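Heads up: the structure comes next, in structure tokens.
Not measured: the values here are computed from a predicted model. Per chain, numbering begins at 1; letters A, B, ... match sequence-line order.
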2 protein chains.
Amino acid sequence: MEKYYLDINDTKTKKYIQIYTHIKNMIIDGKIKEHEKLPPIRKISEYIGVNNTTIVKVYELLEKEGYVYKIVGSGTFASEIKRYENKKYIDKNIIKFDNGNPSNDMFPIDDFKKAVNMALSNDENTIFEYDEGLGNEKLRESISRYFKSRGMDTEKENIQIISGAQQGIDIVCKGIINYSDIVFVEEPTYTGAIEVFKSRGAKIISIPLLDDGIDIGILKLKLEKIKPKLMYVMPNFQNPTGISYSKYKKEKLLELAEEYDFYILEDDFISDFKFDSDDNKTLKSYDKNNRVIYIKSFSKIFMPGLRIGAINIPKELMKSILWAKYSSDISTPGLIQSSLLCYMENFNWDNHILKIEKIYRQKYEVAKRSINRFLEDKINVRKCSGGINFFCELPRGFKSKEFTEFLYEKGVSVLPGTYFYDNIIDDRFFRINIAKESIENIKKGIEIIGNSLDEFLNIEKENESFMNKNLFY
Amino acid sequence: MEKYYLDINDTKTKKYIQIYTHIKNMIIDGKIKEHEKLPPIRKISEYIGVNNTTIVKVYELLEKEGYVYKIVGSGTFASEIKRYENKKYIDKNIIKFDNGNPSNDMFPIDDFKKAVNMALSNDENTIFEYDEGLGNEKLRESISRYFKSRGMDTEKENIQIISGAQQGIDIVCKGIINYSDIVFVEEPTYTGAIEVFKSRGAKIISIPLLDDGIDIGILKLKLEKIKPKLMYVMPNFQNPTGISYSKYKKEKLLELAEEYDFYILEDDFISDFKFDSDDNKTLKSYDKNNRVIYIKSFSKIFMPGLRIGAINIPKELMKSILWAKYSSDISTPGLIQSSLLCYMENFNWDNHILKIEKIYRQKYEVAKRSINRFLEDKINVRKCSGGINFFCELPRGFKSKEFTEFLYEKGVSVLPGTYFYDNIIDDRFFRINIAKESIENIKKGIEIIGNSLDEFLNIEKENESFMNKNLFY
């Protein structure tokens, strides 16, 4: 009980907030253990010397914020808390480089609201019924025009509307991958895709990425021994490395797909913008033999919460992927499809793309300059040619998990490399994603990373030399 | 070329419509084969003696309606057409008993529009971002209150928002079924579920349904030999039979799940209404041991096109199902979730449920009376206790596929039994679904079925006795 005591001496802050913060910190710091029962309200209020109602408020807030849970008839208990995730949720002032969500100022909210209302009045008789399998026909037309404008040969008949790119990966996998099939992936890559493949019982083979795309030599060696059904790639501004394939490698990969008879799943979330790349054309636009299943995400170029995207599918796969879509969720909500259509037709889609290109480019330029200035003499940063991600590597002997936690305490969150490898033993990597933060915070955040690296690498070195001393002397 | 000729003698109908109908019918009747090339526009216009532009219009309309497809540089080709589905798509006057979609008059469209606008103005900063995994917290609260009102012990922490019941089945399967696991299902059942289980490599065992629920004897026999991971059931107003489990069988099934250690997946789409059943409580509401994974569909009681529903999940399965949801589509669109929440909180949900109960009950009563009057002396109709489905059985020697096609020509569409069996050799079944049609059309449609049965069974008998004569004399 003693640990619950606190002296309420701060007159500016409300009492219940002071008590809430006190208990919250004890839970975060492990002073109250997971699933430990908290004292009854009456007892704790007497002990601290406040009203019952104050403690009621405190417990309610703790519960709301996820620090405790109640069992009716038994009492209140401390929740299981991942310290890291939990603080992230609470602390609004952290600079968030861990998250690929575009910032809200990039969402065309007012125009989209109008588009929703257009959809509601135009299509009220159809958008609330089950939709046809491939999705709204006019939306498919509109999207195929947009794909054509990016150099891809497509028709509305080859387009399947999906509830976001993640579903695209999932239904392609469902449609063509069977138990014990082989899937090749880039290394590092988006593990949200690897998990989908594995969940269907596929075997994963990772092929390293060089600075101009996949390592063709290793890919060929593997292909001579193993026949994949599918290869999953992000040829432009790859996640997490920011790397783009050279035109040569794009064409080479397509040749190999034809020679060794496999499909390529191209995951495109931001190829619309050229940034510094020589060639931001999609793999699909080079595809003469219908080897590419092309997923277009709208999450980074429009609004992720809409959960909408599109796949361009080779004709012979249409049926199995349509079935996979149907068995996954029947169709994407009519209201969402129709609203996106109204937006694309009535507001200027090209202008929207230009507008967000400008924002992304500014963020990218600022990040690149800051990385040059604050990071490059301290750690390796993968040479990327654009996009929203930068991939960093700590010197040998350092662990990214420890650094990311250290950095978090300094007010910046990044994702450790474990998120991007199928198997990783010695994780020294972390990803900086700049989509969400303001220009100002990007500068500030990268400077903090630089300073934290100085401190972290030195601390670690000191520990190391101390360890070494103890070991050898 | 000759087959394209037609004498344009109807002065009331536009020329291009006459030519369109002519070519459309040739495609439907197989006179133009699938993937057969149609003549060039210039040739056919000369041949029939009309302007080029008329044929341009004809080809455009044929393409729009899905009868032909174009390949740029090659020409126009007849599409692959399932004759049955295709005609359904075209003919608006058909009475649709094949479709479980509620009729539009049951959708609270005006109030829901208001709810969408409330969501847009309240939550514009969050609904377009990625959502948290389980779904909107307030919506989960609201849904858990609704579940509690139906006698189920649940909390928002156990609820996962899903993009419709089909996704519910899919993610439960992903979360707990592995390659070569066993899944028990009712026979007949919704094959959209069976396909999901099979697609993950599960083995299906079908257990017959009696008029008061699953055949417990056969179930026990199977359980003594085979251990299922999951059993998929619809204990109230089952699809396609309309059967409800007795209270005894609900409790017995739960006992067996505990004894033989398997989970039950309860698919609930319309248990809210009692109709004629003794007990319309959900299996979940009897579940003391957390054996039931409960899927609530909003498609029949609200609006199917929203693609939203909820699962109540036993605590120990929360993590794996949350992962399955994430890997399927990350989250259900924030706009849809938030709009449903605004509807549930600001409009009277209970009143809405009462209103549509009244409509469903009228439809059900009318259908029951018409079935008694027009069908029951001719064929077997499963004894059901409510809901939207009636399951019928032709006499031995008759095939439902032939009857459903015959019936279609008379203006009524129903679903053949093949849609509801994992394996069926002698399909004599068909399902009448009354959700979509008006009271008037329900009466009319069932009368047509009765008359068609007279004709069909007699025709068939005549053929048979003719056959018999030829065989034996």
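Proximity to chain A involves both the backbone and the side chain of Leu120(B), based on heavy atoms less than 4.5 angstrom apart. Only the side chain of Asn117(B) comes within contact range of chain A, with at least one heavy atom under 4.5 Å from a heavy atom of that chain. No part of Lys156(B) comes within reach of chain A, as not one of its non-hydrogen atoms sits under 4.5 angstrom from that chain. For Lys436(A), the part lying under 4.5 angstrom from a heavy atom of chain B is the side chain only.
Using a 4.5 Å heavy-atom cut-off against chain A, the contacting residues of residues 325-338 of chain B are Tyr326(B), Ser327(B), Ser328(B), Asp329(B), Ile330(B), Ser331(B), Thr332(B), Pro333(B), Gly334(B), Leu335(B), Ile336(B). Contacts of residues 99-107 of chain A with chain B at a heavy-atom distance below 4.5 Å involve Asn101(A), Asn104(A), Phe107(A), listed in sequence order.
Among residues at least two apart or in separate chains, salt bridge (charged side-chain N to carboxylate O under 4.0 Å, His left out) pairs with a member in residues 167-180 of chain B are Asp170(A)-Lys174(B), Lys174(A)-Asp170(B).
Counting heavy-atom pairs closer than 4.5 Å to chain B, the top-ranked of the candidates Ile169(A), Leu306(A), Ile171(A) is Leu306(A). The candidate with the highest count of non-hydrogen atom pairs below 4.5 Å against chain B, out of Gln166(A), Glu157(A), Glu195(A), is Gln166(A). Most heavy-atom pairs under 4.5 Å with chain A: of the set Glu129(B), Glu155(B), Lys70(B), Gln167(B), this distinction falls to Glu129(B).
Taking Gln160(B) as the reference, nothing meets the side chain to side chain donor-acceptor pair (under 3.5 Å) condition, with sequence neighbours excluded.
The number of heavy atoms from other shown groups lying within 6.0 Å of NZ (Lys148(A)) is above 12. By the neighbour-count criterion of 12 heavy atoms within 6.0 Å, atom NZ of Lys355(B) is densely surrounded, having more than that number from other residues, nucleotides or ligands. Shown here is Lys138(A), whose NZ atom has no more than 12 heavy atoms of other residues, nucleotides or ligands within 6.0 Å.
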Report task. Run the numbers on Trp323(A) and Ser199(B) for side-chain contact (heavy atoms from CB on, under 4.5 Å), then give the verdict. Result -> CA-CA 11 Å; Trp323(A) 169 85; Ser199(B) 151; 3.4 Å; yes
